[in-house]
Amino acid sequence: MNNIISFIDENKERYIDELSNFLRMESISSSPQHKDETYRCAKWVESHLRDMGIDTVEFIETEGHPIIYAEWMGAPGKPIVLLYGHYDVQPVDPIELWTTGPFEPTIRNGDMYARGTTDDKGQVFTHFKSVEAYMRLHGSLPVNLKMIIEGEEEIGSANLEKFVRENKEKLKADIVLISDTSMYAKGVPTICYGLRGLSYFQIDLTGPDRDLHSGSFGGAVQNPAQALSEMLASLKDKNGKIKINGFYDDVRRLTKKEREAFARLPFNEKKYAKQLGVKELFGEKGYSTLERVWARPTFEINGMWSGFTGEGAKTVLPSKAHAKVSMRLVPDQDPKKIARMFKKHIKEIAPKNVKVELTEMHGAKPALAPIDSLGVQAATKALRKGFGKKPLYQREGGSIPIVVTFQQVLNATPVLLGFGLPTDNPHSPDEHLNLENFHNGVKTSAYFFDTLAGMSNGK
Ligand code: BES
Ligand code: ZN
(Lines give C-alpha, C1' and ligand atoms only; values in the text may rest on other atoms or scores of the structure.)
(Ligands and ions follow the chains in the order given, each with its own letter.)
Protein backbone atom coordinates (compact mmCIF):
# COMPACT_ATOMS: atom_id res chain seq x y z
CA MET A 1 0.00 0.00 0.00
CA ASN A 2 2.84 2.42 0.84
CA ASN A 3 4.19 2.32 -2.67
CA ILE A 4 0.72 3.07 -4.07
CA ILE A 5 0.41 6.14 -1.85
CA SER A 6 3.93 7.34 -2.77
CA PHE A 7 3.13 6.85 -6.44
CA ILE A 8 -0.01 8.98 -6.02
CA ASP A 9 2.00 11.71 -4.30
CA GLU A 10 4.68 11.68 -6.96
CA ASN A 11 2.21 11.92 -9.84
CA LYS A 12 0.14 14.81 -8.50
CA GLU A 13 1.15 17.26 -11.22
CA ARG A 14 0.50 14.83 -14.05
CA TYR A 15 -3.00 14.15 -12.67
CA ILE A 16 -3.79 17.87 -12.89
CA ASP A 17 -2.62 18.06 -16.50
CA GLU A 18 -4.67 15.03 -17.51
CA LEU A 19 -7.75 16.19 -15.63
CA SER A 20 -7.44 19.53 -17.43
CA ASN A 21 -7.61 17.72 -20.77
CA PHE A 22 -10.75 15.91 -19.60
CA LEU A 23 -12.28 19.23 -18.53
CA ARG A 24 -11.54 21.05 -21.80
CA MET A 25 -14.09 18.99 -23.71
CA GLU A 26 -17.49 20.66 -23.80
CA SER A 27 -19.60 17.61 -23.03
CA ILE A 28 -22.92 19.36 -22.34
CA SER A 29 -25.38 16.49 -22.68
CA SER A 30 -28.53 18.61 -22.92
CA SER A 31 -27.26 20.68 -25.84
CA PRO A 32 -27.72 19.29 -29.38
CA GLN A 33 -24.96 21.65 -30.61
CA HIS A 34 -22.53 19.88 -28.30
CA LYS A 35 -23.25 16.35 -29.52
CA ASP A 36 -19.88 15.97 -31.28
CA GLU A 37 -17.94 17.39 -28.35
CA THR A 38 -19.76 15.04 -26.00
CA TYR A 39 -18.87 12.13 -28.28
CA ARG A 40 -15.23 13.26 -28.37
CA CYS A 41 -15.23 13.29 -24.58
CA ALA A 42 -16.63 9.74 -24.48
CA LYS A 43 -13.81 8.66 -26.82
CA TRP A 44 -11.31 10.35 -24.52
CA VAL A 45 -12.65 8.38 -21.55
CA GLU A 46 -12.41 5.16 -23.55
CA SER A 47 -8.78 5.70 -24.48
CA HIS A 48 -7.89 6.95 -21.02
CA LEU A 49 -9.22 3.74 -19.45
CA ARG A 50 -7.11 1.71 -21.86
CA ASP A 51 -4.03 3.79 -21.04
CA MET A 52 -4.64 3.09 -17.36
CA GLY A 53 -3.97 -0.57 -18.08
CA ILE A 54 -7.54 -1.87 -18.30
CA ASP A 55 -7.86 -4.26 -21.26
CA THR A 56 -11.60 -4.75 -21.49
CA VAL A 57 -13.06 -1.42 -22.49
CA GLU A 58 -16.27 -1.17 -24.52
CA PHE A 59 -17.61 1.88 -26.28
CA ILE A 60 -21.37 1.53 -26.32
CA GLU A 61 -23.39 3.66 -28.69
CA THR A 62 -26.91 4.49 -27.51
CA GLU A 63 -29.79 6.52 -28.90
CA GLY A 64 -28.23 9.38 -26.98
CA HIS A 65 -24.67 9.81 -25.76
CA PRO A 66 -22.29 6.82 -25.52
CA ILE A 67 -21.70 4.71 -22.43
CA ILE A 68 -18.19 3.52 -21.61
CA TYR A 69 -18.05 0.12 -19.96
CA ALA A 70 -14.83 -1.43 -18.66
CA GLU A 71 -13.92 -4.33 -16.46
CA TRP A 72 -11.03 -6.01 -14.71
CA MET A 73 -12.04 -9.32 -13.18
CA GLY A 74 -8.72 -10.75 -12.03
CA ALA A 75 -9.43 -11.13 -8.29
CA PRO A 76 -11.46 -14.33 -8.01
CA GLY A 77 -13.36 -14.64 -4.75
CA LYS A 78 -13.11 -10.92 -4.03
CA PRO A 79 -16.09 -8.56 -4.25
CA ILE A 80 -17.10 -6.93 -7.51
CA VAL A 81 -17.13 -3.16 -7.34
CA LEU A 82 -19.04 -1.26 -10.00
CA LEU A 83 -17.63 2.23 -10.36
CA TYR A 84 -20.21 4.64 -11.75
CA GLY A 85 -19.67 8.21 -12.86
CA HIS A 86 -20.62 10.65 -15.61
CA TYR A 87 -18.60 12.55 -18.17
CA ASP A 88 -21.45 14.86 -19.18
CA VAL A 89 -21.81 18.33 -17.69
CA GLN A 90 -24.48 21.00 -17.25
CA PRO A 91 -24.80 24.04 -19.55
CA VAL A 92 -22.59 27.03 -18.67
CA ASP A 93 -25.04 29.95 -18.80
CA PRO A 94 -24.81 32.71 -17.68
CA ILE A 95 -21.33 32.58 -19.18
CA GLU A 96 -20.52 36.24 -18.39
CA LEU A 97 -20.45 35.38 -14.67
CA TRP A 98 -17.47 33.03 -15.00
CA THR A 99 -14.14 34.50 -13.88
CA THR A 100 -12.32 32.33 -16.43
CA GLY A 101 -13.82 30.30 -19.29
CA PRO A 102 -15.86 27.24 -18.22
CA PHE A 103 -13.76 25.01 -20.47
CA GLU A 104 -10.41 26.62 -19.70
CA PRO A 105 -9.39 24.82 -16.49
CA THR A 106 -7.60 27.28 -14.20
CA ILE A 107 -6.18 26.90 -10.69
CA ARG A 108 -6.82 29.67 -8.16
CA ASN A 109 -6.08 29.38 -4.43
CA GLY A 110 -5.84 25.61 -4.47
CA ASP A 111 -9.08 25.12 -6.40
CA MET A 112 -9.43 24.00 -10.01
CA TYR A 113 -12.12 25.98 -11.87
CA ALA A 114 -14.05 24.61 -14.88
CA ARG A 115 -17.46 23.13 -15.67
CA GLY A 116 -17.39 19.51 -14.52
CA THR A 117 -14.58 19.84 -11.96
CA THR A 118 -16.72 18.69 -9.05
CA ASP A 119 -19.71 17.38 -11.06
CA ASP A 120 -18.45 14.93 -12.05
CA LYS A 121 -15.24 14.66 -14.10
CA GLY A 122 -12.89 15.59 -11.27
CA GLN A 123 -14.53 13.17 -8.87
CA VAL A 124 -14.56 10.25 -11.34
CA PHE A 125 -10.94 10.98 -12.09
CA THR A 126 -9.90 10.25 -8.47
CA HIS A 127 -10.84 6.62 -9.06
CA PHE A 128 -9.22 6.49 -12.49
CA LYS A 129 -5.95 7.54 -10.93
CA SER A 130 -6.07 5.06 -8.05
CA VAL A 131 -6.85 2.23 -10.46
CA GLU A 132 -3.98 3.39 -12.65
CA ALA A 133 -1.59 3.35 -9.68
CA TYR A 134 -2.47 -0.28 -8.93
CA MET A 135 -2.20 -1.32 -12.56
CA ARG A 136 1.16 0.41 -13.07
CA LEU A 137 2.75 -0.86 -9.85
CA HIS A 138 1.16 -4.30 -9.43
CA GLY A 139 -0.48 -5.06 -12.75
CA SER A 140 -3.60 -5.98 -10.76
CA LEU A 141 -6.31 -4.62 -8.45
CA PRO A 142 -7.19 -5.88 -4.95
CA VAL A 143 -10.86 -6.37 -5.97
CA ASN A 144 -12.80 -7.02 -9.17
CA LEU A 145 -13.81 -3.84 -10.91
CA LYS A 146 -16.48 -2.92 -13.43
CA MET A 147 -16.87 0.64 -14.61
CA ILE A 148 -19.75 2.51 -16.18
CA ILE A 149 -19.04 6.08 -17.21
CA GLU A 150 -22.06 7.60 -18.90
CA GLY A 151 -22.88 10.80 -20.74
CA GLU A 152 -26.52 11.40 -19.77
CA GLU A 153 -26.64 11.71 -15.99
CA GLU A 154 -27.55 15.38 -16.18
CA ILE A 155 -30.50 14.55 -18.44
CA GLY A 156 -31.94 11.65 -16.49
CA SER A 157 -29.90 8.56 -17.56
CA ALA A 158 -32.71 7.06 -19.68
CA ASN A 159 -30.38 5.15 -22.04
CA LEU A 160 -28.24 3.85 -19.20
CA GLU A 161 -31.37 2.65 -17.43
CA LYS A 162 -32.20 0.56 -20.50
CA PHE A 163 -28.61 -0.71 -20.76
CA VAL A 164 -28.56 -1.83 -17.13
CA ARG A 165 -31.89 -3.66 -17.45
CA GLU A 166 -30.70 -5.41 -20.61
CA ASN A 167 -27.29 -6.38 -19.18
CA LYS A 168 -28.08 -7.58 -15.70
CA GLU A 169 -25.68 -10.53 -15.74
CA LYS A 170 -22.79 -8.66 -17.30
CA LEU A 171 -23.07 -5.83 -14.78
CA LYS A 172 -23.55 -8.02 -11.72
CA ALA A 173 -21.80 -6.38 -8.76
CA ASP A 174 -21.75 -6.38 -4.98
CA ILE A 175 -21.07 -2.69 -4.49
CA VAL A 176 -21.67 0.40 -6.59
CA LEU A 177 -19.05 3.05 -5.91
CA ILE A 178 -20.08 6.60 -6.78
CA SER A 179 -18.30 9.90 -6.22
CA ASP A 180 -20.81 12.53 -7.32
CA THR A 181 -21.81 14.07 -3.99
CA SER A 182 -20.27 16.47 -1.48
CA MET A 183 -18.57 16.51 1.88
CA TYR A 184 -20.40 18.24 4.73
CA ALA A 185 -17.61 20.82 4.93
CA LYS A 186 -13.90 21.17 4.23
CA GLY A 187 -11.97 18.80 6.47
CA VAL A 188 -15.08 16.71 7.17
CA PRO A 189 -14.97 13.53 5.06
CA THR A 190 -18.50 12.39 4.35
CA ILE A 191 -20.50 9.41 3.16
CA CYS A 192 -23.92 10.19 1.73
CA TYR A 193 -26.79 7.80 2.47
CA GLY A 194 -29.76 9.54 0.88
CA LEU A 195 -30.56 11.36 -2.36
CA ARG A 196 -33.76 13.07 -3.43
CA GLY A 197 -35.69 12.14 -6.56
CA LEU A 198 -37.04 14.42 -9.26
CA SER A 199 -40.01 15.11 -11.51
CA TYR A 200 -39.51 17.78 -14.19
CA PHE A 201 -42.02 19.54 -16.49
CA GLN A 202 -42.26 22.29 -19.04
CA ILE A 203 -45.51 24.26 -19.05
CA ASP A 204 -46.57 26.19 -22.17
CA LEU A 205 -49.52 28.56 -22.14
CA THR A 206 -51.08 30.15 -25.21
CA GLY A 207 -53.55 33.01 -25.11
CA PRO A 208 -54.22 35.03 -28.28
CA ASP A 209 -52.74 33.49 -31.44
CA ARG A 210 -50.18 36.33 -31.79
CA ASP A 211 -48.61 39.07 -29.67
CA LEU A 212 -51.05 41.98 -29.38
CA HIS A 213 -50.86 45.74 -28.85
CA SER A 214 -51.44 46.02 -25.10
CA GLY A 215 -53.30 49.30 -25.57
CA SER A 216 -55.71 48.11 -28.22
CA PHE A 217 -56.34 44.70 -26.66
CA GLY A 218 -55.32 44.92 -22.98
CA GLY A 219 -58.56 44.41 -21.06
CA ALA A 220 -60.11 42.26 -23.75
CA VAL A 221 -58.37 38.91 -23.22
CA GLN A 222 -56.52 36.97 -20.52
CA ASN A 223 -52.76 37.52 -20.56
CA PRO A 224 -51.02 34.08 -20.56
CA ALA A 225 -48.08 35.43 -18.49
CA GLN A 226 -50.56 36.55 -15.84
CA ALA A 227 -52.39 33.22 -15.96
CA LEU A 228 -49.12 31.29 -15.65
CA SER A 229 -47.98 33.42 -12.71
CA GLU A 230 -51.26 32.84 -10.91
CA MET A 231 -51.14 29.11 -11.53
CA LEU A 232 -47.56 28.80 -10.29
CA ALA A 233 -48.18 31.05 -7.31
CA SER A 234 -51.04 28.82 -6.22
CA LEU A 235 -48.81 25.73 -6.08
CA LYS A 236 -47.13 26.77 -2.82
CA ASP A 237 -48.53 28.57 0.20
CA LYS A 238 -46.88 31.14 2.48
CA ASN A 239 -45.57 28.38 4.75
CA GLY A 240 -43.79 26.70 1.87
CA LYS A 241 -46.32 23.80 1.70
CA ILE A 242 -46.98 22.41 -1.75
CA LYS A 243 -50.64 22.61 -2.70
CA ILE A 244 -50.88 19.71 -5.15
CA ASN A 245 -53.55 17.26 -4.04
CA GLY A 246 -51.98 14.10 -2.62
CA PHE A 247 -48.41 15.39 -2.99
CA TYR A 248 -47.35 14.46 0.56
CA ASP A 249 -49.24 11.13 0.73
CA ASP A 250 -46.19 8.88 0.34
CA VAL A 251 -43.61 11.04 2.08
CA ARG A 252 -41.75 8.99 4.65
CA ARG A 253 -41.60 10.84 7.94
CA LEU A 254 -38.21 11.63 9.40
CA THR A 255 -37.55 9.47 12.44
CA LYS A 256 -36.81 11.07 15.79
CA LYS A 257 -33.34 9.55 15.65
CA GLU A 258 -32.60 11.05 12.26
CA ARG A 259 -33.92 14.48 13.25
CA GLU A 260 -31.66 14.39 16.28
CA ALA A 261 -28.69 13.37 14.19
CA PHE A 262 -29.31 16.26 11.75
CA ALA A 263 -29.69 18.66 14.67
CA ARG A 264 -26.35 17.60 16.11
CA LEU A 265 -24.48 18.73 12.99
CA PRO A 266 -22.84 22.11 13.26
CA PHE A 267 -24.99 24.42 11.17
CA ASN A 268 -25.03 28.19 11.21
CA GLU A 269 -28.19 29.58 9.53
CA LYS A 270 -26.76 33.10 9.31
CA LYS A 271 -23.50 32.00 7.73
CA TYR A 272 -25.35 29.73 5.33
CA ALA A 273 -27.69 32.57 4.27
CA LYS A 274 -24.79 34.94 3.85
CA GLN A 275 -22.88 32.46 1.75
CA LEU A 276 -25.92 32.19 -0.56
CA GLY A 277 -26.33 35.95 -0.76
CA VAL A 278 -29.81 36.06 0.83
CA LYS A 279 -31.06 38.06 3.81
CA GLU A 280 -32.87 35.12 5.32
CA LEU A 281 -33.67 31.51 4.54
CA PHE A 282 -37.10 30.30 3.47
CA GLY A 283 -38.79 26.92 3.28
CA GLU A 284 -41.45 24.60 4.59
CA LYS A 285 -42.48 25.56 8.12
CA GLY A 286 -41.83 23.08 10.90
CA TYR A 287 -38.55 21.72 9.53
CA SER A 288 -34.93 22.75 9.95
CA THR A 289 -32.92 23.81 6.90
CA LEU A 290 -31.04 20.52 6.69
CA GLU A 291 -34.31 18.61 7.00
CA ARG A 292 -35.83 20.69 4.22
CA VAL A 293 -33.00 20.18 1.74
CA TRP A 294 -32.21 16.56 2.53
CA ALA A 295 -35.47 14.92 3.49
CA ARG A 296 -38.47 17.02 2.44
CA PRO A 297 -39.93 17.36 -1.06
CA THR A 298 -40.00 20.72 -2.83
CA PHE A 299 -41.47 22.48 -5.83
CA GLU A 300 -39.22 24.87 -7.73
CA ILE A 301 -39.58 27.12 -10.75
CA ASN A 302 -36.38 26.56 -12.73
CA GLY A 303 -37.12 29.25 -15.27
CA MET A 304 -39.94 31.24 -16.87
CA TRP A 305 -40.22 33.40 -19.96
CA SER A 306 -42.86 35.28 -21.86
CA GLY A 307 -43.40 38.37 -23.98
CA PHE A 308 -40.94 41.19 -24.22
CA THR A 309 -37.74 40.83 -22.19
CA GLY A 310 -35.37 43.03 -24.19
CA GLU A 311 -33.99 46.42 -23.29
CA GLY A 312 -36.38 49.34 -23.08
CA ALA A 313 -40.15 49.04 -23.07
CA LYS A 314 -42.54 47.48 -25.55
CA THR A 315 -46.27 47.64 -24.94
CA VAL A 316 -47.25 44.15 -25.79
CA LEU A 317 -49.68 41.49 -24.61
CA PRO A 318 -47.85 38.20 -25.21
CA SER A 319 -49.34 35.25 -27.00
CA LYS A 320 -47.36 32.70 -25.02
CA ALA A 321 -45.90 32.10 -21.56
CA HIS A 322 -43.61 29.26 -20.51
CA ALA A 323 -42.07 27.78 -17.40
CA LYS A 324 -39.77 24.93 -16.51
CA VAL A 325 -40.60 23.52 -13.10
CA SER A 326 -39.44 20.60 -11.02
CA MET A 327 -40.22 18.78 -7.84
CA ARG A 328 -37.55 17.17 -5.66
CA LEU A 329 -38.91 13.99 -4.14
CA VAL A 330 -38.10 11.94 -1.06
CA PRO A 331 -38.72 8.32 -0.07
CA ASP A 332 -41.34 6.85 -0.71
CA GLN A 333 -42.62 9.24 -3.38
CA ASP A 334 -42.71 7.75 -6.86
CA PRO A 335 -41.84 10.16 -9.70
CA LYS A 336 -44.40 8.53 -12.04
CA LYS A 337 -47.21 8.88 -9.52
CA ILE A 338 -46.17 12.45 -8.70
CA ALA A 339 -46.10 13.28 -12.42
CA ARG A 340 -49.67 11.98 -12.81
CA MET A 341 -50.81 14.05 -9.83
CA PHE A 342 -49.10 17.12 -11.17
CA LYS A 343 -50.72 16.79 -14.60
CA LYS A 344 -54.15 16.30 -13.06
CA HIS A 345 -53.70 19.26 -10.74
CA ILE A 346 -52.50 21.58 -13.51
CA LYS A 347 -55.50 20.61 -15.66
CA GLU A 348 -57.80 21.40 -12.75
CA ILE A 349 -56.36 24.85 -12.07
CA ALA A 350 -55.84 25.87 -15.72
CA PRO A 351 -58.13 28.82 -16.60
CA LYS A 352 -60.46 28.18 -19.56
CA ASN A 353 -59.32 31.31 -21.39
CA VAL A 354 -55.81 30.02 -22.19
CA LYS A 355 -54.48 26.80 -23.70
CA VAL A 356 -52.19 24.83 -21.35
CA GLU A 357 -49.72 22.20 -22.58
CA LEU A 358 -47.51 20.06 -20.33
CA THR A 359 -44.34 18.25 -21.37
CA GLU A 360 -42.95 15.71 -18.95
CA MET A 361 -39.17 15.70 -18.87
CA HIS A 362 -36.78 13.49 -16.94
CA GLY A 363 -37.35 12.12 -13.49
CA ALA A 364 -35.48 10.24 -10.81
CA LYS A 365 -36.44 8.04 -7.91
CA PRO A 366 -35.31 9.05 -4.42
CA ALA A 367 -32.64 6.75 -2.98
CA LEU A 368 -31.51 5.60 0.43
CA ALA A 369 -28.32 3.61 0.96
CA PRO A 370 -27.78 1.53 4.10
CA ILE A 371 -24.80 2.71 6.16
CA ASP A 372 -24.08 -0.66 7.74
CA SER A 373 -23.06 -2.37 4.49
CA LEU A 374 -19.62 -3.86 3.94
CA GLY A 375 -18.96 -1.21 1.29
CA VAL A 376 -19.74 1.68 3.60
CA GLN A 377 -17.62 0.12 6.34
CA ALA A 378 -14.70 -0.10 3.92
CA ALA A 379 -15.32 3.47 2.74
CA THR A 380 -15.38 4.66 6.35
CA LYS A 381 -11.95 3.16 6.99
CA ALA A 382 -10.63 4.45 3.68
CA LEU A 383 -11.76 8.02 4.41
CA ARG A 384 -10.13 7.87 7.81
CA LYS A 385 -6.82 7.08 6.11
CA GLY A 386 -7.24 9.34 3.09
CA PHE A 387 -8.48 12.42 4.95
CA GLY A 388 -7.14 11.64 8.44
CA LYS A 389 -10.58 11.85 10.06
CA LYS A 390 -13.60 9.72 10.80
CA PRO A 391 -16.33 10.46 8.24
CA LEU A 392 -19.78 11.82 8.85
CA TYR A 393 -22.95 10.30 7.34
CA GLN A 394 -25.41 12.68 5.71
CA ARG A 395 -28.21 12.86 3.19
CA GLU A 396 -28.17 15.23 0.22
CA GLY A 397 -30.76 17.15 -1.75
CA GLY A 398 -29.62 16.34 -5.29
CA SER A 399 -30.45 13.32 -7.44
CA ILE A 400 -28.49 10.58 -9.18
CA PRO A 401 -31.19 8.87 -11.24
CA ILE A 402 -29.49 5.51 -11.81
CA VAL A 403 -28.78 4.67 -8.15
CA VAL A 404 -32.12 2.98 -7.49
CA THR A 405 -31.81 0.93 -10.70
CA PHE A 406 -28.44 -0.36 -9.53
CA GLN A 407 -30.03 -1.32 -6.22
CA GLN A 408 -33.14 -2.91 -7.67
CA VAL A 409 -31.87 -4.52 -10.87
CA LEU A 410 -28.33 -5.49 -9.85
CA ASN A 411 -28.99 -5.86 -6.13
CA ALA A 412 -25.80 -3.89 -5.53
CA THR A 413 -25.21 -1.71 -2.46
CA PRO A 414 -24.35 1.92 -3.14
CA VAL A 415 -21.38 3.65 -1.57
CA LEU A 416 -21.70 7.40 -2.11
CA LEU A 417 -18.23 8.71 -1.44
CA GLY A 418 -18.22 12.43 -2.26
CA PHE A 419 -15.15 14.64 -2.53
CA GLY A 420 -16.95 17.86 -3.50
CA LEU A 421 -17.73 20.77 -1.16
CA PRO A 422 -21.08 22.53 -0.73
CA THR A 423 -19.36 25.70 -1.97
CA ASP A 424 -18.10 24.16 -5.25
CA ASN A 425 -20.82 25.80 -7.39
CA PRO A 426 -21.93 22.75 -9.39
CA HIS A 427 -24.45 23.78 -12.11
CA SER A 428 -23.45 27.44 -11.46
CA PRO A 429 -20.78 29.80 -12.78
CA ASP A 430 -17.26 29.30 -11.37
CA GLU A 431 -17.70 25.61 -10.60
CA HIS A 432 -14.56 24.31 -8.94
CA LEU A 433 -12.98 21.43 -7.06
CA ASN A 434 -10.61 21.71 -4.15
CA LEU A 435 -7.34 20.10 -5.21
CA GLU A 436 -6.49 18.88 -1.74
CA ASN A 437 -9.82 17.02 -1.71
CA PHE A 438 -9.03 15.68 -5.15
CA HIS A 439 -5.66 14.42 -4.06
CA ASN A 440 -6.97 12.90 -0.83
CA GLY A 441 -9.78 11.45 -2.92
CA VAL A 442 -7.30 9.54 -5.10
CA LYS A 443 -5.71 8.10 -1.97
CA THR A 444 -9.09 7.30 -0.39
CA SER A 445 -10.05 5.41 -3.53
CA ALA A 446 -6.84 3.37 -3.33
CA TYR A 447 -7.44 2.66 0.38
CA PHE A 448 -11.03 1.71 -0.37
CA PHE A 449 -10.09 -1.06 -2.80
CA ASP A 450 -7.39 -2.35 -0.48
CA THR A 451 -9.56 -2.21 2.66
CA LEU A 452 -12.51 -3.86 0.97
CA ALA A 453 -10.32 -6.71 -0.27
CA GLY A 454 -8.96 -7.20 3.24
CA MET A 455 -12.38 -7.10 4.89
CA SER A 456 -14.01 -9.54 2.57
CA ASN A 457 -11.70 -12.56 3.15
CA GLY A 458 -12.56 -14.32 -0.04
CA LYS A 459 -15.82 -12.37 0.01
N1 BES B 1 -23.86 15.44 -8.74
C2 BES B 1 -25.25 15.69 -8.92
C3 BES B 1 -26.11 15.05 -7.86
C4 BES B 1 -26.05 15.74 -6.53
C5 BES B 1 -26.31 17.09 -6.45
C6 BES B 1 -25.79 15.02 -5.42
C7 BES B 1 -26.27 17.72 -5.23
C8 BES B 1 -25.75 15.64 -4.19
C9 BES B 1 -25.98 16.99 -4.10
C10 BES B 1 -25.72 15.18 -10.26
O11 BES B 1 -24.78 15.29 -11.27
C12 BES B 1 -26.92 15.99 -10.66
O13 BES B 1 -26.83 17.18 -10.76
N14 BES B 1 -28.02 15.34 -10.92
C15 BES B 1 -29.19 15.96 -11.44
C16 BES B 1 -30.10 14.86 -11.91
C17 BES B 1 -31.31 15.30 -12.65
C18 BES B 1 -30.99 16.10 -13.86
C19 BES B 1 -32.15 14.12 -13.03
C20 BES B 1 -29.85 16.81 -10.38
O21 BES B 1 -29.85 16.46 -9.18
O22 BES B 1 -30.38 17.87 -10.73
ZN1 ZN C 1 -24.97 17.59 -11.81
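Computed from a prediction, not measured in an experiment: that's the story for all the values here. Just so you know, ligand 1 is whichever comes first in the structure, and atom 1 is the first atom listed for that ligand. Values reported hereafter were calculated over all heavy atoms of this structure, with side chains retained and with hydrogens, waters and symmetry mates removed. Counting from 1, the numbers follow the sequence of the chain as shown.
Put simply, no part of Q90 is less than 4.0 Å from ligand 1, judged by heavy atoms. No heavy atom of D120 sits closer than 4.0 Å to any atom of ligand 1.
From the protein, the heavy atom lying nearest to atom 9 (C) of ligand 1 is E396 OE1, 3.2 Å. For atom 17 (C) of ligand 1, the nearest protein heavy atom (residue, atom name, distance) is L198 CD2, 3.7 Å. In terms of protein heavy-atom proximity, atom 5 (C) of ligand 1 is closest to G398 CA, 3.6 Å. Remark: minimum distance from atom 18 (C) of ligand 1 to any protein heavy atom is reached at E154 O, 3.3 Å. Taking atom 3 (C) of ligand 1 as the reference point, the nearest protein heavy-atom neighbour is S399 O, 3.3 Å. Nearest to atom 6 (C) of ligand 1 among the protein's heavy atoms is D180 O, 3.5 Å.
Judged by distance alone, the side chain of Y287 and the main-chain N or O of R296 form no donor-acceptor pair under 3.5 Å.
Counting the atoms of ligand 1 from 1 in the order shown, those under 4.0 Å from a heavy atom of P401 are 19 (C). The H86 neighbourhood of ligand 1 comprises atoms 11 (O), with distances under 4.0 Å to a heavy atom of that residue. Against a heavy-atom cut-off of under 4.0 Å, H362 is close to the following atoms of ligand 1: 18 (C), 19 (C).
No hydrogens or angles considered: nothing links the side chains of H48 and N21 as a donor-acceptor pair under 3.5 Å. Checking K121 against S27 by side-chain atom types alone, a donor-acceptor pair falls below 3.5 Å. Residues T451 and K381 have side chains that never bring a donor and an acceptor to within less than 3.5 angstrom of each other. Side chains of R292 and T298: a donor-acceptor N/O pair is absent below 3.5 angstrom, by distance only. When only modelled atom types and interatomic distance are considered, D204 and Q202 share a side-chain donor-acceptor pair under 3.5 Å.
Ranked by closest heavy atom to atom 20 (C) of ligand 1, the top entry among E152, E153, R196, R328 is R328.
None of L433, V89, D180 except one satisfies the side chain to side chain contact (heavy atoms under 4.5 Å, CB included) rule with D119; the exception is D180.
Ring pair F419/F438: centre-to-centre distance not below 6.0 Å. Ring centroid separation for the pair Y39 and F59 comes in under the 6.0 Å cut-off. Aromatic rings of Y87 and H65 (six-membered ring for Trp) have centroids beyond the 6.0 Å cut-off, not under it.
Among residues at least two apart or in separate chains, ring-ring contact (aromatic ring centres under 6.0 Å, His included) pairs with a member in residues 162-200 are Y200-H362.
Of the charged side-chain nitrogens involved, at least one lies within less than 4.0 Å of a carboxylate oxygen, so that R40 and E37 count as a salt-bridged pair.
For the Zn ion (ligand 2), the set of protein N/O/S atoms nearer than 2.8 Å consists of D119 OD2, E154 OE1, E154 OE2, H427 NE2, ordered by chain and number.
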